[in-house]
Amino acid sequence: MTENRFDKGYDPLLVENKWYTFWEENHFFDADECSDRPAYSIVIPPPNVTGVLHMGHALNVTLQDILCRYRRLKGDAVLWMPGTDHAGIATQNVVERQLAEKGMSRHDLGREGFIEAVWAWRKESGSAIINQLKRLGACCDWRRERFTMDEGLSKAVRQVFVRLYHEGLIYKGDYIINWCHRCHTALSDLEVDHEEIDGFLYHIRYPFAGADGHLVVATTRPETMFGDTAVAVHPEDERYRNLPTAAVVLPLAERVLPIIRDAYVGMEFGTGALKVTPAHDPNDFEIGRRHGLESLKVIDDDGIMLPPAGAFSGMERFACRKAVVEELTRRGLLEKIQPYKHSVGHCYRCKTVVEPNLSKQWFVRTKPLAEAAVAAVEAGKTRIVPEVWVKNYYDWMNNIRDWCISRQIWWGHQIPAWTCEDCGKMTVAMDDPKACSACGSSRLVQESDVLDTWFSSALWPFSTMGWPEDTPLLRKFYPTSVLVTGFDILFFWVARMMMMGIHFMEEVPFRDVYVHALVRDEAGKKMSKSKGNVIDPLTIIDQYGTDAFRMTLAVFAAQGRDIKMSEKRVEGYRHFVNKLWNAARFAMMHLETPSDLPQTEKLDLPHRWILSRLQAVSRSVSENLDTYQFNNAAGDLYQFVWHEFCDWYIEAIKPDLYEKYGDEPRQFARAVLWHVLRDLLILLHPFVPFITEEIWSVLPGTRGSIMNACFPEVDSGRVDLDSERRMKVLIDIVSAIRNIRGEMNLQPSLTLSCRIHSIDERIHAAVTEQGDRIRNLARLDGIVLTASDEKPKHAAVAVIENAEIYVPMEGVLDIGQELQRLGKEMNKVQTELTNISRKLMNEDFIRKAPEEVIEKAREKQTLLEEKRNRMQRHIEKLQTL
RNA sequence: AGGCACGUAGCUCAGUGGGAGAGCACUACCCUGACACGGUAGGGGUCGUUGGUUCAAACCCAAUCGUGCCUACCA
């Protein structure tokens with residue numbers, strides 16, 4: 001080890017790159033499908049190729065990495081499958097923006113040219129996100145990296161489409177869909193974000209046809225009135241029971257519309273009369289279907305008014321709204337305008353207001369698929385953790401609507417369906433057809449639409465493993481062990497993977513789904529570019545190191561609670577990483593070649609204690625990681641490293657290491673210290689992989705990488721509750737003396753002496769055996785141990801369980817101060833005692849509480865009474881002075 | 001509109017039927033031979049509010065207030 005490498009402060013930047021390269025080059029991340037060890041597999045939620053690493057990725061990837069590293073240490077054959085998503089609309093938008101800067105549009109390049117341009121873009125910048133994942137330490141099998149548009153996955157997509165089509169689960173039909181005029185494509189229901197908007201409710205008079213008077217309808221989108229094909233009222237609405245006619249005249253267009261009665265109409269809302277526009281509203285579309293109404297499109301795919309709008313045709317939709325309102329006002333047909341807050345759908349990509357639009361699209365019939373997906377969870381084949389999400393999953397699956405899978409963009413999997421220009425028959429096939437299957441004509445035209453990006457992601461767990469081929473990888477690693485994901489894509493992705501996995505693999509895609517929380521800013525707001533509150537993970541890593549960052553994420557990853565991220569927190573865990581570094585540095589000063597762990601009986605108290613505690617923390621890490629309680633595992637490790645290993649163990653054994661007690665204790669201390677540190681590094685490795693590898697590499701007696709080490713299984717022979725109890729006596733005594741020192745403002749450099757009065761044999765044994773350690777830890781020059789009941793004068797006193805500790809302060813004891821200190825302590829004891837006594841006097845408690853609870857309370861009462869009495873005597877004595 | 005979370009120390013959060021906890025921040029003392037990114041000690045809480053169940057409630061139930069999110073959109 002060189003001076004600068006093992007410096008007193010840990011510098012992550014010096015080591016992280018080195019070790020990552022080392023791991024990758026030595027193939028430690030590689031999955032072996034031929035291994036006979038148990039399989040453990042995870043497929044990464046593929047980030048968008050356009051993506052830049054954000055906090056969500058960082059949390060998601062860190063949790064997966066912790067699990068993979070942990071399972072590898074446990075001896076499993078681990079596959080962590082990486083890859084990226086082609087992200088249809090998002091990617092197309094990025095490339096289109098670049099073209100726009102050059103004053104071009106995709107139409108200048110044509111479809112093929114444009115797709116080439118996208119591939120070129122991907123080649124150039126598509127691996128940025130992958131490199132960012134690597135900086136987090138992600139131990140993916142990068143040799144197997146996949147892309148949703150690559151050849152194998154495209155083949156899987158095609159196979160799935162063709163099979164579903166022939167099974168009647170994919171169809172093409174007229175339907176009202178969400179249309180984004182900017183992206184120029186249909187969007188699935190999930191791709192629409194609803195936002196509250198301050199709009200207006202326009203009350204418009206529709207004159208009766210052939211009679212006086214009018215009906216007032218209320219609408220937020222008056223420009224769609226040209227598409228009205230009826231006016232609807234509720235069948236039981238008294239106000240409209242006896243109307244003069246059964247029709248109204250549509251203003252401006254002067255068309256006659258029937259008045260229909262449909263229970264969908266809300267009587268309380270507006271005037272209780274609803275204009276029905278089947279081509280531009282999903283609910284109106286349904287009403288239209290029920291009543292056999294015509295659908296009349298009045299807004300085209302660019303948001304421009306169509307001919308049915310008459311004088312308004314050719315206008316942009318919002319300009320038209322304004323013009324219509326003005327015209328209606330002029331004609332006295334606008335009864336009133338009411339301010340109205342309502343939510344309006346926006347494109348999730350570009351935030352344009354989406355227009356419900358009638359159009360011919362491709363759909364997946366989801367009902368049968370969803371039923372199987374629900375059944376699988378009900379049968380426990382897939383477990384959703386935490387459980388709160390199960391209900392959400394069921395609700396969504398049970399109310400699922402058909403999934404619109406066609407998108408009118410160029411970047412994506414083009415739909416493998418061809419229409420014959422001669423006979424109109426459609427051919428859907430695995431291989432591009434040369435001739436129409438019906439009439440044999442070669443005049444075939446392929447669908448220009450591509451598939452929703454989520455269509456290919458839905459196949460991810462098996463398409464990445466080589467499906468539709470029957471590969472060894474699939475046989476070894478499907479179904480995957482767990483899917484780790486944020487709840488924001490539970491429906492987009494998880495639900496659809498369940499449907500597709502079950503349908504095509506006849507087996508669920510994952511045993512567990514672990515749904516983690518969202519990372520927010522320190523104020524609890526969702527991070528977003530527009531709010532300007534994003535914290536860049538890479539900036540954090542540069543400043544604090546990957547390990548500190550990962551530890552922070554793990555500690556805060558409590559189930560069901562969002563993480564509020566701030567630099568301040570990460571700083572705290574950098575301190576932890578540094579603490580670990582220094583503990584190791586200290587150990588290294590004393591360790592040479594390690595020796596075997598001595599037999600327990602030969603070991604002195606602190607060693608037996610720390611080995612026992614190590615078993616507890618090892619059990620905790622296993623149990624908590626097995627149940628996805630990352631925060632508990634990380635928290636227990638933090639506590640153990642800092643407050644047990646560093647604060648007490650290392651401090652306690654310093655005399656041994658400095659050979660104060662001779663050669664054998666020194667050898668023993670070295671041996672135990674080495675073993676504990678080694679096991680601790682392995683336990684910590686999943687959370688803080690870099691520093692543990694760095695320390696491992698300089699720790700004598702370790703070979704190779706820590707990644708190939710064995711997870712320290714709990715050795716019940718080392719669990720030693722008696723030693724834990726005795727160590728507590730030592731800690732209590734030392735703490736009591738330190739408390740006196742602190743409260744009495746005695747300089748730490750001042751060595752004190754103390755008298756321990758006790759008639760308890762265990763105290764005598766502990767103090768006799770551990771006297772020297774107590775002297776060291778409490779900075780004493782002498783301890784007098786006695787069974788005497790005589791109270792020394794001029795001494796501060798601490799009353800602990802079964803003992804009193806006196807620190808003589810001849811001439812310097814401030815009686816007032818001491819009385820105050822004891823009084824404070826006395827209050828605490830008295831309050832506790834009162835509570836417990838009251839409880840024990842309660843007859844119902846004695847009658848109904850379990851035996852052991854009563855027994856425990858009695859013991860406690862006895863202890864407290866004794867302590868109270870002893871303290872009382874001290875206080876009385878001091879008062880007589 | 002419906003649903004789901006969450007209200008515990010100044011801040012961030014664990015705890016989920018029998019002794020109110022941690023980290024940070026704060027106060028005092030200390031550069032003691034791993035670590036000042038450190039050590040020791042200390043102060044600080046009616047566990048949102050109100051009822052109920054129970055021998056016993058921060059924890060279970062109900063109501064209520066507050067906060068956040070999700071789903072759906074009645075035009």
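Reminder, nothing fancy here: chain letters follow the sequence lines and each chain counts from 1. It should be emphasised that the depicted structure is a prediction, and the values quoted were computed from it without experimental measurement.
B/G43 and B/C55: their C1' atoms are spaced 35 Å apart (whole Å). To the nearest whole angstrom, the two P atoms, one in B/C65 and one in B/U49, are 15 Å apart. Separation of the P atoms belonging to B/G17 and B/A57 is 14 Å when rounded to the nearest angstrom. Comparing B/U27 with B/A34, their P atoms sit 29 Å apart, to the nearest whole Å. Nucleotides B/A25 and B/A36 are separated by 16 Å at their P atoms, to the nearest Å. Taking atom C1' on both nucleotides, B/C11 is separated from B/C69 by 22 Å, rounded to a whole Å. Nucleotides B/A62 and B/G23 place their P atoms 36 Å apart, quoted to the nearest Å. Separating the P atom of B/C70 from that of B/A56 is a span of 42 Å, rounded to the nearest Å.
Pairing partner, B/C26: B/G42, with both Watson-Crick or wobble hydrogen-bond distances short of 3.5 Å. Under the Watson-Crick or G-U wobble criterion, with both distances below 3.5 Å, B/C6 is paired with B/G66. Base pairing annotation: B/G21 forms a Watson-Crick or G-U wobble pair with B/C13, both donor-acceptor distances under 3.5 Å. Across all strands shown, B/C47 remains unpaired; no Watson-Crick or G-U wobble contact has both distances below 3.5 Å.
For a distance-only test at 3.5 Å, the side chain of A/K579 fails to qualify as a donor-acceptor partner of the base of B/C37.
In this structure, the CD atom of A/Q639 is 7 Å from the P atom of B/G23, given to the nearest Å. Between the C1' atom of B/A75 and the CD atom of A/Q338 lies a distance of 12 Å, rounded to the nearest Å. Atom CZ in A/F491 sits about 16 Å away from atom P in B/G3, given to the nearest Å. One atom, CZ of A/R779, and another, C1' of B/G33, lie 11 Å apart when rounded to the nearest Å. Remark: P of B/A28 and CZ of A/R741 are 20 Å apart, rounded to the nearest angstrom. Remark: C1' of B/G43 and NZ of A/K824 are 8 Å apart, rounded to the nearest angstrom. Taking atom CD on A/E651 and atom P on B/G38, their separation rounds to 14 Å, with Å as the unit. The nearest whole Å value for the distance from the OH atom in A/Y649 to the P atom in B/A34 is 15 Å.
When the nearest nucleotides of RNA chain B are assigned to A/A583 and A/F556 by heavy-atom distance, the more 5′-ward of the two goes with A/F556. If A/G742 and A/K848 are placed on RNA chain B by their nearest nucleotide, the residue sitting closer to the 5' end is A/G742.
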| message | As a quick check of understanding, evaluate salt bridge (charged side-chain N to carboxylate O under 4.0 Å, His left out) for A/E743 and A/R738, giving each step before the final call. | response | CA-CA 8 Å; A/E743 293 279 290; A/R738 284 173 176 174; over 6 Å; no

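The residue A/S343 sits close to a base: some heavy atom pair falls under 4.0 Å. No engagement by A/R847 is indicated, since no non-hydrogen atom pair under 4.0 Å with the nucleic acid exists. Looking at heavy-atom distances under 4.0 Å, A/Y340 makes contact with sugar-phosphate atoms alone, never a base. Within 4.0 Å of A/P282, counting heavy atoms only, lies no atom of the nucleic acid at all.
In summary, A/R821 and A/E818 engage in a salt bridge, as defined by a charged side-chain N under 4.0 Å from a carboxylate O. Under 4.0 Å is where a charged nitrogen must lie from a carboxylate oxygen, and between A/R317 and A/E223 no such pair does. For the pair A/K867 and A/E801, the salt-bridge criterion is not met [side-chain N within less than 4.0 Å of a carboxylate O].
Ring planes of A/Y649 and A/F645: parallel class, angle under 30° (limits at 30 and 60°). Note on ring orientation: taking the six-membered ring where Trp is involved, the planes of A/F491 and A/W396 are parallel (angle under 30°, cut-offs 30° and 60°). Between A/Y340 and A/F269, the ring planes lie perpendicular to each other; the angle is over 60°, past the 30° to 60° tilted range.
Shown here for A/A849 and A/I854, the closest heavy-atom pair between the two residues is O-CD1, 3.5 Å.
Listed nucleotides: B/G39, B/G23, B/C29. Nearest to the side chain of A/D647: B/G39.
Using modelled atom types, one finds no donor on one side chain facing an acceptor on the other under 3.5 Å when comparing A/T277 with A/D281.
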| request: Encode nucleotides 57-62 of chain B as B, S and - characters from 5' to 3', where the letter depends on protein heavy atoms closer than 4.0 Å: B to the base, S only to sugar-phosphate, - to neither. | output: ------

